[in-house]
Structure formats: structure tokens, C-alpha cells
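One structure is given below, encoded as C-alpha cells.
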Amino acid sequence: MHFVSRLPSSVKLCADLKRAAWEKETAWQDIGQTAISSNASTYKIQSFRRELYGRTYRFIVVRSTGLTAQKEHKLEDVLGREKDTLTKAIEKARKAVYNCEGDARTAGEAFAHEHRKALHELKVSVIAQQVQEKRAHKGRPRKDEPAPGMHIEYHLAIDLVAPDEQVLREWREREETFVLLTDIRDDKRVSDEQVLRLYKDQIEVENGFKHLKSPYHVGPVFLHNQTRVKAFAYVMLLSQLLYASFEYILREQMAKETKPLILPGKRKSMRPTGVSVLEMLETMQTVWLRDENDWQRMTARPHNDQIERVLGLLGFDLSIYSTVRKNG
């Protein structure tokens with residue numbers, strides 16, 4: 001069994017791989033979109049072999065246009081919040097008084113080190129200022145009293161400079177890319193593009209299990225027998241398989257259509273989710289009518305014509321609400 005996962009940014013190797021990829025600007029492989037949508041993100045990738053915790057893995061650095069747009073908004077927010085934080089810290093640091101230049105320089109170095117990861121540039125220097133000493137007693141000084149002596153105080157002078165383009169470019173490079181990790185070493189059998197698609201497809205599985213774990217579905221069920229708990233788990237998995245098949249078939253049929261499906265809330269979609277369609281089907285109503293001989297089940301009118309369209313795309317019609325189909 002193999003795996004495809006995202007390498008955490010907290011791992012030092014992640015930053016090293018991103019840096020190596022951006023240094024080889026011409027080595028990016030443009031694979032375009034992985035999703036069927038007019039506004040879907042486009043991707044560029046680079047592949048590397050590196051060792052991690054004593055084992056060699058295949059790493060794929062991914063560059064996404066979707067992240068580019070997102071991170072530009074984030075950059076504005078980061079710079080604004082960082083400037084406010086640094087401004088307050090600088091005002092506090094400037095008020096500190098030091099009796100010797102060495103202490104002031106040590107404090108300045110500590111301040112710069114504390115904020116070394118900031119995007120803004122900090123220019124820290126030490127200034128000396130002559131200050132007259134206070135008189136030893138209160139009240140008006142005597143005419144023959146000598147003036148108090150002078151002494152030198154040291155303060156920090158800190159200038160906040162906006163980040164230069166090089167710093168901003170490096171920030172964008174870090175934020176607009178992510179790194180995939182896989183133990184599938186054979187890139188002939190599974191290409192770099194396929195690895196990315198495998199990773200992107202994981203969201204479908206995750207969304208499915210999120211549906212299975214929803215309290216709305218499993219909350220009202222109380223089972224104490226272990227065998228029945230297992231049986232219920234199998235029933236839920238089968239329902240998820242049926243749900244995924246139903247959604248897949250519907251989307252495949254919609255790919256051949258030219259007009260979008262009108263979903264509840266007057267939303268239009270060419271790739272409807274199973275949840276949105278089930279929400280539509282929940283509005284379908286049937287009634288029981290009795291004629292001279294027997295009871296008959298019929299659909300209530302008027303009904304949503306989009307329901308009829310969905311049933312047709314799935315190979316059914318409205319008769320499924322009134323007629324029991326018999327095999328063979």
C-alpha cells in the first residue's frame with residue numbers, strides 16, 4: 001500500500017524543496033487544470049528525490065494559481081498587522097533608558113533578533129543624549145547653589161522600513177507552493193501529474209466520510225450489540241458507495257448537457273453534488289388514490305420539472321414513485 005500526503009511546512013526540508021524549485025524557474029512542468037471548471041486553479045510542478053528520516057522519498061513541489069490569488073489578500077493583511085505590532089514594540093523600546101552604550105547595543109541586538117522573522121526591515125542604532133541631573137532636594141535652588149551636573153543616557157533609535165521586493169517575492173514563493181510526499185518512486189508507472197491528481201481526489205473520500213460521520217445520520221441510532229454495530233457500519237459504507245455512484249453517474253451525464261441543472265435556491269450547476277440533488281428529491285410528494293378496485297400511488301402535481309430531468313439522466317422516470325419494478 002502506498003501513500004500520497006502533504007509535507008508539513010514545519011519540516012525544514014519543505015522550505016528547502018520550495019527554494020530549490022524556485023531557483024530552477026525553467027524546470028516547472030505546466031499541467032494546467034485538474035478540475036472541470038472555468039475558474040479552476042492551474043498547476044505547475046517539479047519533482048525531487050530527497051531523504052527524510054533515513055528513507056528516500058519522492059517529493060513534488062506544486063505551484064498553484066489559486067493560492068496566488070488567496071495569498072495576495074493574505075499578504076496585505078499580514079503586512080498591516082505586522083506593522084501595527086512592530087510600531088507598538090518600537091515605541092516601548094524607545095522609552096527604555098540605558099546607562100552605558102554596551103547595554104543599549106545588547107538590547108538593540110535582542111530586539112532585532114526577537115523580530116528577525118518580520119517582513120519589515122528594522123534599522124536599530126544607539127543614540128547618546130546628555131541629560132542634566134536632578135537636584136538633590138526639592139524647592140527653589142539657592143543663589144549660590146551650583147547647577148546639577150550632566151550625564152549621558154543611551155536610547156535605541158529604531159526605524160521601521162517597508163519590506164523590499166526581494167523579501168516579498170520570497171514570501172510569495174513560500175506561500176504559493178506546497179510540497180507533496182509519496183513513497184511511489186516509479187514515475188514511469190505513476191507520473192508526477194498523476195500523483196497530484198491522486199492527492200486532489202482525496203477530498204472526495206474525505207467529504208464522503210464526513211457525510212458518514214454526520215450526527216444527523218448516525219446520531220439517532222443507538223446500538224449496544226457489537227455485531228449490530230458492525231452491521232450498521234457496513235450498511236453506512238454501502239450507502240456511501242451508492243451515493244458516490246449516483247453522484248458520479250449524474251455528473252457524467254451532465255457533462256453531455258448544455259444547460260445547467262437548477263438546484264434548490266435557484267442555484268445553477270453543471271456538476272451538482274449528490275447532497276444538493278437529494279435535497280431537491282426530498283420535495284417530491286406522492287399521494288394514494290383509490291379507484292373502484294384498488295389503491296394507487298401517484299405523484300402529486302405540480303412537481304419540480306428539474307426532478308424529472310434528474311431522473312431521466314439517471315435512467316428513470318416518474319413511474320418509480322408509483323410502480324414497483326419486477327426483475328426478470
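Note that the coordinates shown come from a computational prediction; the quantities given were computed from them, not determined experimentally.
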Residue pair Pro8 / Cys14: nearest heavy atoms and the distance that separates them: O-CB, 3.6 Å

4.5 Å side-chain heavy-atom contact, Glu257 and Leu313: yes

Leu86 with Leu75, same ILVMFWY side-chain cluster at under 4.5 Å: no

Interatomic spacing from CD1 in Ile90 to CG in Asp159 - rounded to 0.5 Å: 8.0 Å

Same apolar cluster: Leu261 and Phe246, side chain cutoff 4.5 Å: yes

Residue pair Val62 / Thr177, side-chain heavy-atom distance below 4.5 Å: no

Over all atoms of both residues, closest heavy-atom pair of Leu79 and Pro163: CD2-CG, 3.8 Å

Lys/Arg N to Asp/Glu carboxylate O, Arg19 vs Asp16, below 4.0 Å: yes

Under 3.5 Å donor-acceptor, Arg94 side chain and His155 backbone: no

Parallel, tilted or perpendicular: ring planes of Tyr43 versus Phe178, cut at 30 and 60 degrees: perpendicular

Geometric class of the Tyr57/Phe59 ring pair [parallel <30°, tilted 30-60°, perpendicular >60°]: perpendicular

From CD1 (Ile31) to CZ (Arg197), nearest 0.5 Å: 6.0 Å

For the student: nearest non-hydrogen atoms of Arg189 and His2, plus distance: NH2-NE2, 3.8 Å

Flag, side chain of Thr56 to backbone of Arg50, donor-acceptor distance under 3.5 Å: no

Heavy atoms from other residues, nucleotides or ligands near CD of Glu51 exceed 12 (cutoff 6.0 Å): yes

Close side-chain approach of Leu122 to Arg116, heavy-atom, < 4.5 Å: no

Check: Thr87 and Leu160 side chains under 4.5 Å, non-hydrogen atoms: yes

Side chain Arg49, main chain Arg185, donor-acceptor under 3.5 Å: yes

Working for side chain to side chain contact (heavy atoms under 4.5 Å, CB included), residues Glu91 and Ile158: CA-CA 9 Å; Glu91 290 178 357; Ile158 306 174; over 6 Å; no

Rounded distance [0.5 Å steps], CD in Glu109 versus CZ in Arg105: 8.5 Å

Distance (rounded to the nearest 0.5 Å) between Leu7 CG and Leu180 CG: 9.0 Å

Any donor-acceptor N/O pair, Gln306 side chain to Ile262 backbone, under 3.5 Å: yes

Within one Ile-Leu-Val-Met-Phe-Trp-Tyr cluster: Val61 and Ile45, side-chain cutoff 4.5 Å: no

Flag side-chain contact, heavy atom, 4.5 Å: His73 against Asp77: no

Full working for side chain to side chain contact (heavy atoms under 4.5 Å, CB included) between Met284 and Leu318: CA-CA 10 Å; Met284 190 66 182; Leu318 290 173; 3.7 Å; yes

From Leu237 atom CG to Leu242 atom CG, the distance as rounded to the nearest 0.5 Å: 12.5 Å

Side-chain donor/acceptor of Gln46 to backbone N/O of Ala20, under 3.5 Å: no

Nearest atoms (heavy-atom pairs only) where Glu82 meets Ala118: OE1-CA, 3.3 Å

Distance-minimising heavy-atom pair for Ala89 and Phe111: O-CE1, 3.7 Å

Ionic contact status for Arg172 with Glu165, cut-off 4.0 Å: yes

Atom CZ of Arg228 with >12 non-hydrogen neighbours under 6.0 angstrom: no

Donor-acceptor pair, side chain of Arg6 and main chain of Val179, under 3.5 angstrom: no

Note, Arg55 side chain near Leu52 side chain (heavy atom, < 4.5 Å): no

Side chain to side chain contact (heavy atoms under 4.5 Å, CB included) between Tyr154 and Asp103, worked out: CA-CA 9 Å; Tyr154 296 90; Asp103 290 346; over 6 Å; no

Candidates Asp186, Asp192, Asp183 - the one meeting salt bridge (charged side-chain N to carboxylate O under 4.0 Å, His left out) with Arg58: Asp192

Same cluster (ILVMFWY, side-chain, under 4.5 Å), Leu181 and Val4: no

From CD (Glu247) to CG (Leu250), nearest 0.5 Å: 8.0 Å

Cluster link Val167 to Val124, ILVMFWY, side chain under 4.5 Å: no

Side chains of Val126 and Tyr98 in contact at under 4.5 Å (non-hydrogen atoms): no

Tyr234, OH: over 12 other non-hydrogen atoms inside 6.0 angstrom: no

Polar side chain donor-acceptor pair, Glu170 to Gln166, under 3.5 angstrom: yes

Whether over 12 other heavy atoms sit under 6.0 Å from Asn99 CG: no

Contact check, side chains of Thr283 and Ile307, non-hydrogen atoms, under 4.5 Å: yes

Minimum-distance pair of heavy atoms, taken over all atoms of Arg309 and Pro260: NH1-O, 2.9 Å

